[in-house]
*Asks:* 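Below you will find the structure I want to go over with you.
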Amino acid sequence: MFAARRALTGAVQARAFSASARDLSKVTVLGAAGGIGQPLSLLLKLNPRVSDLARTRKTFYTPNTNILTSNSKSMISAEVQVSSLPALVGSYILILDKLGVAADISHINTKSKVTGYDPTPTGLASALKGAEIVLIPAGVPRKPGMTRDDLFNTNASIVRDLAKAAAESAPDANILVISNPVNSTVPIVAEIFKKAGVYNPKRLFGVTTLDVVRASRFVSEIKGTDPVDEKIVVVGGHSGVTIVPLFSQSSHPDLVGNPELLQRVQFGGDEVVKAKDGAGSATLSMAMAGARFAESLLKAAQGEKGVVEPTFVDSPLYKDQGVEFFASKVELGPNGVEKIHDVGKIDATEQKLLDACLADLKKNIVKGVAFVAENP
Ligand code: NAI
């Protein structure tokens, strides 16, 4: 029996590690020392499709944009910042340091090479050069009482500057924007790429995967099912009322109009912000969601068909209503966006949610576009 199990394990591992050298991809994480960036980098290091992991390893912005807050026992020196987050399950240490995170992850015995870069223009250019995927979790997270839009003033310029570097050094990469407010930061990246003459709408993605992950989990908790089987379509954008779950399309249409569930899906991020009590927002679940999206993109790039992920993209669906970007199910392919699915059949309650979403989304998008026009 043990021999059979060993053989099975071996076969699974052989399949998992079967990506050929030709298939391997360079992935860059900008903001890799942060709450999301660290576990995201770890998950990418464990992904056999990734050959090179390039990471920027220190804040570009101000030292206090890191997650050290009143909730943290912190020891800060010029070289190392250590924070323990007692509010999280178990206890563990995050080390945000100048040199060590890349070195740490690089010891994991998977094939990919991990390189940390200094946050200089040269370091950034080296991190980006040749990247197929650039994930951007750089920027400040929310504190209790804040909306994602409250982050705009700080994060807009961070994302703008990183987009400029990406347009210069990785114009053909798939850009995955995690930094909030996604509804505005994605249009900011688009504007910067347009100005540089390298905009390809098929390669720009706002990462809304966490909304779908949450919806699937919350439904499974109500129904006592396995979340793997709960495929909940979530459309719109990535904040508050712009997050529109379509339960009518799931196997539980009775959940349409369930106010508690809707509240959890639209404001699930607030639960985490509140629980962390000043120490930031979702990081571990976000890292999982970001790694899932990157994995889907890599699978599609490597020829797998039928890879569909929800994501916030330059979309034709509501352009006639002045909404240039919209999240819906998107089929991914070697060129990025292969096919944008429309929202499909929805019921009257969901239509009302969608109307509210579009009104807000339009404002968020215009705000991002205006920011670049006013702050080029
Ligand atoms: P964090 O503060 O822990 O980490 C941010 C990292 O970005 C830090 O390492 C910081 O040094 C770095 N950084 C800041 N400015 C930079 C710059 N100009 N260039 C390069 N790196 C820079 O924040 P956390 O928790 O990792 O969140 C990051 C962002 O992700 C926030 O904007 C947050 O709102 C967003 N987020 C998005 C989610 C989504 O579903 N799309 C879910 C959760 C958070």
Side-chain angles (χ1 to χ4, degrees), residues 28-41 54-69 72 81 83 85 88 94-98 101-102 116-121 123-124 127-128 134-143 146-166 176-186 188 205-214 234 237-240 242-243 265 268-273 276 278-293 310-312 327:
T28 297
V29 182
L30 302 179
I36 295 169
Q38 289 200 43
L40 175 58
S41 302
R55 309 155 34 84
T56 57
R57 63 188 173 199
K58 196 182 117 189
T59 181
F60 270 62
Y61 200 66
T62 83
N64 64 9
T65 58
N66 282 321
I67 60 170
L68 301 173
T69 68
S72 317
Q81 299 177 327
S83 126
L85 303 176
L88 301 179
L94 293 179
I95 300 174
L96 311 180
D97 64 9
K98 231 165 94 176
V101 177
Y117 291 91
D118 282 323
T120 58
L124 189 51
L128 286 164
V134 177
L135 289 130
I136 310 184
V140 291
R142 288 187 292 157
K143 294 203 158 74
M146 289 174 89
T147 66
R148 292 180 181 88
D149 194 48
D150 293 332
L151 302 173
F152 185 91
N153 289 342
T154 308
N155 288 353
S157 48
I158 293 175
V159 172
R160 175 200 58 198
D161 295 346
L162 294 175
K164 282 184 187 172
L176 277 54
V177 183
I178 294 171
S179 316
N180 272 315
V182 164
N183 295 356
S184 304
T185 49
V186 169
I188 287 174
F205 306 88
V207 181
T208 57
T209 321
L210 184 54
D211 302 321
V212 178
V213 166
R214 284 188 177 129
V234 182
H238 175 66
S239 77
T242 70
I243 300 171
V265 174
D270 294 17
E271 291 180 19
V272 183
V273 171
K276 290 196 178 179
S281 57
T283 54
L284 303 174
S285 50
M286 180 59 236
M288 172 269 164
R292 167 176 138 176
F293 191 77
T311 168
F312 186 69

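Note that this is a predicted model, so its numbers are computed, not measured. Both counts, for ligands and for their atoms, begin at 1 and track the order of listing.
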*Asks:* Working to the nearest 0.5 angstrom, can you tell me the gap between Phe293 CZ and Leu135 CG?
*Replies:*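 That separation rounds to 9.0 Å.
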*Asks:* Please enumerate all residues that pass side chain to side chain contact (heavy atoms under 4.5 Å, CB included) together with Asp161, with sequence neighbours excluded.
*Replies:*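 With neighbours one apart ignored, the set is Lys164.
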*Asks:* Just to check, does Asp161 reach to within less than 4.0 Å of ligand 1 when the distance is taken from its heavy atoms?
*Replies:*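 The answer is no: ligand 1 sits nowhere under 4.0 Å from a heavy atom of Asp161.
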*Asks:* Would you indicate which of Leu30, Val140, Leu151, Val177 comes nearest to atom 32 (O) of ligand 1 when only heavy atoms are counted?
*Replies:*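 Shortest heavy-atom distance from atom 32 (O) of ligand 1: Val140.
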*Asks:* Determine whether any heavy atom of Ser281 lies closer than 4.0 Å to an atom of ligand 1.
*Replies:*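 Contact present.
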*Asks:* Hydrogens and angles aside, do Ser281 and Lys143 bring a side-chain donor and acceptor to less than 3.5 Å of each other?
*Replies:*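 No.
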*Asks:* Can you sort out which atoms of ligand 1 are near Ile158, meaning under 4.0 Å from one of its heavy atoms?
*Replies:*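 By the 4.0 Å cutoff, the relevant atoms are 15 (N), 16 (C), 17 (C), 18 (N).
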*Asks:* Taking only heavy atoms of Ala282 into account, list the atoms of ligand 1 that are under 4.0 Å away from them.
*Replies:*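 Ligand 1 atoms under the 4.0 Å threshold to Ala282: 43 (C), 44 (C).
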*Asks:* The criterion is salt bridge (Lys or Arg N to Asp or Glu O under 4.0 Å); which residues satisfy it with Arg142, sequence neighbours excluded?
*Replies:*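 Counting only residues at least two positions away or on another chain, Arg142 forms a salt bridge (Lys or Arg N to Asp or Glu O under 4.0 Å) with Asp270.
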*Asks:* Which atoms from ligand 1 have a heavy atom of Val182 less than 4.0 Å away?
*Replies:*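 The list of qualifying atoms is 41 (N).
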*Asks:* Per the side chain to side chain donor-acceptor pair (under 3.5 Å) rule, which among Asn183, Thr185, Thr311, Asp211 passes with His238?
*Replies:*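 For His238, the side chain to side chain donor-acceptor pair (under 3.5 Å) check succeeds only for Asp211.
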*Asks:* Out of all atoms in ligand 1, which are within 4.0 Å of some heavy atom of Leu162? Include the element for each.
*Replies:*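 So the atoms of ligand 1 that pass are 19 (N).
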*Asks:* Measuring from atom 34 (O) of ligand 1, which candidate in Ile178, Val273, Asn180 has the nearest non-hydrogen atom?
*Replies:*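 It is Asn180 whose heavy atom sits nearest to atom 34 (O) of ligand 1.
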*Asks:* Minimum distance, heavy atoms only, to atom 14 (C) of ligand 1: which one of Gly31, Gly139, Ala32 is it?
*Replies:*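 When every heavy atom of Gly31, Gly139, Ala32 is considered, Gly139 comes closest to atom 14 (C) of ligand 1.
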